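Single-structure report; data block below.
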Amino acid sequence: MSDTVVRANVWIVDTNVLVAGLLSTDAASPPVKMVDAMLSGEIRYLLCVELLAEYRTVLLRKRIQRRHGMDENEVDALLEALATSAVVADIAGRTETALDAGDNFLWRLLAVRSDAALVTGDARLLENPPPGECVLSPRAWLDEGTS
């Protein structure tokens, strides 16, 4: 987790957390708790078109799709439910860059709001957050971020 104090009012849920939450059979796991909180409206979360597209791409990968058991229509219905409840942000024109160019949209989304925090299971993102931004693991979100 970054050294930044958790001060989030809105969460950015990385794709790996969403997938882990959908695949886990442990109802008490932090990713499951986060996905449940997203779907129930218990938390506010931030989406952009790029993140929603990544969710879809990853959820429709054959090996992942076999594990969660949803067909394309069910995945789209899930994503529609998530998009409907999300705070949607436009990151066009933003220039923030991450170590991995594939994560640029996450950094840009994080920079849109000063009260946003990224929740990810990606160790590289956790170890190298943007200066002054809050990046935490699902466990840290559950332990600290929800309090």
Side-chain angles (χ1 to χ4, degrees), residues 1-24 26 29-65 67-68 70 72 74-147:
M1 180 170 75
S2 72
D3 292 333
T4 305
V5 174
V6 176
R7 42 107 178 82
N9 291 317
V10 63
W11 305 99
I12 300 165
V13 181
D14 198 357
T15 305
N16 58 62
V17 177
L18 177 70
V19 171
L22 293 172
L23 298 182
S24 179
D26 178 4
S29 79
V32 169
K33 295 275 191 191
M34 177 152 257
V35 172
D36 287 349
M38 291 170 75
L39 291 169
S40 69
E42 291 175 42
I43 63 169
R44 295 178 66 214
Y45 54 94
L46 196 56
L47 280 179
C48 62
V49 171
E50 295 82 353
L51 181 55
L52 195 61
E54 184 178 82
Y55 284 174
R56 187 176 195 277
T57 297
V58 173
L59 288 172
L60 291 176
R61 287 180 183 160
K62 293 298 179 199
R63 66 180 175 76
I64 293 174
Q65 195 172 13
R67 291 190 58 204
H68 62 59
M70 290 183 281
E72 186 173 358
E74 291 168 317
V75 167
D76 287 342
L78 169 70
L79 296 177
E80 183 177 332
L82 290 173
T84 300
S85 299
V87 176
V88 179
D90 181 4
I91 61 170
R94 301 209 60 98
T95 60
E96 293 79 10
T97 57
L99 292 175
D100 178 349
D103 293 322
N104 284 345
F105 69 89
L106 290 173
W107 265 210
R108 292 170 183 163
L109 190 56
L110 190 56
V112 167
R113 292 193 43 164
S114 62
D115 63 343
L118 173 64
V119 180
T120 183
D122 185 328
R124 253 177 70 164
L125 297 178
L126 289 164
E127 293 166 4
N128 300 290
E133 298 292 352
C134 185
V135 178
L136 62 162
S137 69
R139 170 57 59 197
W141 168 79
L142 189 59
D143 292 347
E144 298 175 33
T146 59
S147 56

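What you are looking at is a predicted structure, and each value in this text was computed from that prediction instead of being measured. Quick note: residue numbers are just sequence positions, from 1.
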Side-chain contact test, heavy atoms from C-beta onward, threshold under 4.5 Å: evaluate it for [X] versus [Y] and give yes or no.
X: R139; Y: L142; value: yes
X: S24; Y: S29; value: yes
X: W11; Y: L136; value: yes
X: V135; Y: L106; value: no
X: L82; Y: L18; value: yes
X: L78; Y: L39; value: yes
X: Y55; Y: V13; value: yes
X: W107; Y: T97; value: no

Main-chain N/O of D115 paired to N9 side chain as donor or acceptor, under 3.5 Å: no
Is a side-chain N or O of S40 found less than 3.5 angstrom from the main chain of D36, in a donor-acceptor match? yes
Is the count of non-hydrogen atoms from other residues, nucleotides or ligands lying under 6.0 Å from E74 atom CD greater than 12?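 For E74, atom CD is crowded (more than 12 foreign heavy atoms under 6.0 Å).
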Interatomic spacing from [atom1] in [X] to [atom2] in [Y] - rounded to 0.5 Å:
X: E96; Y: E133; atom1: CD; atom2: CD; value: 8.5 Å
X: E54; Y: N16; atom1: CD; atom2: CG; value: 8.5 Å
X: L118; Y: L110; atom1: CG; atom2: CG; value: 6.0 Å
X: L60; Y: H68; atom1: CG; atom2: NE2; value: 6.5 Å
X: T95; Y: N104; atom1: OG1; atom2: CG; value: 9.5 Å
X: I64; Y: M70; atom1: CD1; atom2: CE; value: 10.5 Å

Test Y45 against L51 for side chain to side chain contact (heavy atoms under 4.5 Å, CB included), laying out the working first. CA-CA 12 Å; Y45 54 94; L51 181 55; over 6 Å; no
Run the salt-bridge test on E72 and R56 with the 4.0 Å N-O cut-off and return the result as yes or no.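 Yes, E72 and R56 are salt-bridged.
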